Protein chains: 2
Amino acid sequence: MAVAGQRRRRKEERPGEIVEAAFEEFARSGFAATKLDDVAARAGITKGTIYLYFPSKEDLFLATMQEMSRPSREHLAALTAAPQGSAMTILRTHFAFEYAQMVEDRRTREIIRMLLAEVSRFPDLVERWRAEVIGPEVEALRRVVRYGIERGEFRPSAAEEFPHLLFAPVIMACTWRLMFGDDHAIDGPAYLAGHLDLLERGLTGGSRPNPSLQTAGLSE
Amino acid sequence: MAVAGQRRRRKEERPGEIVEAAFEEFARSGFAATKLDDVAARAGITKGTIYLYFPSKEDLFLATMQEMSRPSREHLAALTAAPQGSAMTILRTHFAFEYAQMVEDRRTREIIRMLLAEVSRFPDLVERWRAEVIGPEVEALRRVVRYGIERGEFRPSAAEEFPHLLFAPVIMACTWRLMFGDDHAIDGPAYLAGHLDLLERGLTGGSRPNPSLQTAGLSE
DNA sequence: CCTTATTGACTGCCTGGTCAGTTATTAGTA
DNA sequence: TACTAATAACTGACCAGGCAGTCAATAAGG
C-alpha cells in the first residue's frame, strides 16, 4: 500500500500542514482561545505530533505568522524599484496589487487582525512587521510622490509627508471586511476605481493635471 | 470614618468601577486571556463581588463594550442633522471630531480593536455596532456629499457611492496607532490637515473650488 | 441586632505540555 | 522471498496548573 518514502515525505509536509491548520484556528479564535487539540484535529493528527515540530504554542503562533506573511514581503520588492514613467500609473498598479492582497486575500486580512489583536502579547512580531513591511512601503510611496512632484505631475501636498493618506482606503476596506464579513464587503473594483479617482484629483489638484504646475521639460 | 449613605453609594458605583477595570484588562489581553481575578484586583475588590453585579464573564464583556461605545453613539447625532452652509465646512467639523474620537481617544481605539478581535465570539455585538453606529454614519456622510453636489460645491464622484473613502484616513490613523503604539503615532493636526486638503481637492476637483461648478449665491 | 455588601476558600473543568508505548517503514540477513 | 532488528513518526493517556463560577461565613452600616 504505502509508497516508498511516504514516511519521509510526511515528515517534510507535516510542519506545513500544522501551520496551515493553526492559521485557521488562530484566525478564528485568537491566540488564547485556540486549543491545540483543535489545531491537531484540523490537521488530521494528534496534539503530541505538534510538539514533535514546534516546541510550544507560542512558537507555533510565531511560525504561522512568519509563514503566512511571506507574500506581503515578496510583494513589497516590486514597489522599491526606481520609479519610471507616470507616477500616477505606478500608483495605480501598486494599489491594484495592494487591494487584491490586503482586501481580497483572506490570508493577509487575517494576519492584520491577529497583529492588531495580539500586539500586547507579541510586541516584537508587530515591531518586525512595521520595520520590514509597512515602514519600507511608506517610504517607497513617499519616493513615488516626490518623483511625481519633481516631474511636475503632482502638486506638493500632504501626501509627501503622510503617504499613509494614499493607502488609507485600502486599510479601510480591509478592516471593514474583517469586521463585517464578506456579506457586507464593499464592492471591490468600483471602490478601487473611486479611490484612484479621488487620489488623482487630490494629488494633481485638478480634474486633469494642472498645466501651470507642469514644466514641459520635466514631463517624461 | 464612613460617610452616611456610603454603603448605598458603593452599590451604585460598583458596576461602573468594575466595567472601568474590565475595560482596561479586556483591552490589554483580549476576552479569552483576561482573568476576572485581575479585573477584580484592578477594581480593588474580589472576584466574588463581580458576580454580584454581572452574571458571567461574557455579560461583563458585553456591558463593558456597551458602556464604552456610548460616546460614539452620542457623537453620531450631531452629524445626522439637516446640512446647512458649506458642505466642506460640515466635513471639516465632522472629521475634526471623528479624528479626536477615533484616533486620539484611547477608549474608542480600543473598542475598535476588541470589535475586530472578538467578532467570531460576539457576532451580534459587531452587527449592532454596524447597524447603529457605522451604518448611519456612512449614510449621513453620503447625504452631506449629495448636498455638496446639489449645491455645486462638489463634483460628482465615487464619494457619493462610497463615503467610506472620506473617513478612510481616520480609520487608517486609528489602526496605525492601535498597532504601533503612541510612540510611532502619526502627527495629529498635520495629518488631519493633510487629509482635509486632499479631500477638498478630490471632491471639488481643483486646487480651489472650481468656479465653473460653483453658483455664486450658494457659496457659504 | 438585623441587613446586606463583600469576601476568600473551594470545586470542577479545561488545556498546554509530557512521555512511555505503538505502529509503520527501512535495512539487514540468510 | 521471508524473517528479524532497528529506526523514526505518531499516538493517547496522563499530569499539573490555571481559571470561571459558587457559597457559607464575615463584617460593616443602620
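Please read all numbers here as calculations on a predicted model, not as lab measurements. Below, read A as the first sequence line, B as the second, and so on, with proteins coming before strands; counting in each chain starts at 1.
- Regarding B:Arg14, its CZ atom lies at a distance of 12 Å from the P atom of D:dG29, rounded to whole Å.
- Rounded to whole angstrom, the span from the CD atom of A:Glu25 across to the P atom of C:dG16 amounts to 11 Å.
- What separates CD1 of A:Ile50 from P of D:dT11 is a distance of 10 Å, to the nearest Å.
- Pairs of residues two or more places apart, or lying in two chains, that qualify as salt bridge (Lys or Arg N to Asp or Glu O under 4.0 Å) and include a residue from residues 39-63 of chain B are B:Glu25-B:Arg42, B:Asp37-B:Lys47.
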Please produce a list of atom pairs where a protein N or O lies less than 3.5 Å from an N or O of nucleotides 20-24 of chain D.
| from | atom 1 | to | atom 2 | distance (Å) |
| --- | --- | --- | --- | --- |
| D:dA20 | OP1 | B:Thr34 | O | 2.9 |
| D:dA20 | OP1 | B:Lys57 | NZ | 3.3 |
| D:dA20 | OP2 | B:Leu36 | N | 3.1 |
| D:dA20 | N7 | B:Lys47 | NZ | 2.8 |
| D:dG21 | OP2 | B:Tyr51 | OH | 2.7 |
| D:dG21 | OP2 | B:Lys57 | N | 2.9 |
| D:dG21 | O5' | B:Tyr51 | OH | 3.3 |
| D:dG21 | N7 | B:Lys47 | NZ | 3.1 |
| D:dG21 | O6 | B:Lys47 | NZ | 2.9 |

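- Not counting sequence neighbours, the partners of A:Ala32 by the side-chain contact (heavy atoms from CB on, under 4.5 Å) test are A:Arg121, B:Ala32, B:Ala33.
- Not counting sequence neighbours, A:Glu161 has no partner by the salt bridge (Lys or Arg N to Asp or Glu O under 4.0 Å) test.
- Contact annotation for A:Ile45: backbone-only contact, meaning every heavy-atom pair under 4.0 Å involves sugar-phosphate atoms and none involves a base.
- With values rounded to the nearest 0.5 angstrom, A:Glu17 atom CD is found 10.5 Å from A:Thr49 atom OG1.
- The ring pair (Phe, Tyr, Trp, His ring centres under 6.0 Å) check on B:Trp176 picks up A:His164, B:Phe180, with sequence neighbours excluded.
- Distance A:Leu52 CG to C:dA20 P: 14 Å, rounded to the nearest Å.
- Within 4.0 Å (heavy atoms only), B:Phe54 reaches no atom of the nucleic acid at all.
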Enumerate donor-acceptor pairs with a distance under 3.5 Å from any side-chain N or O in residues 165-174 of chain A to protein atoms, sequence neighbours excluded.
none

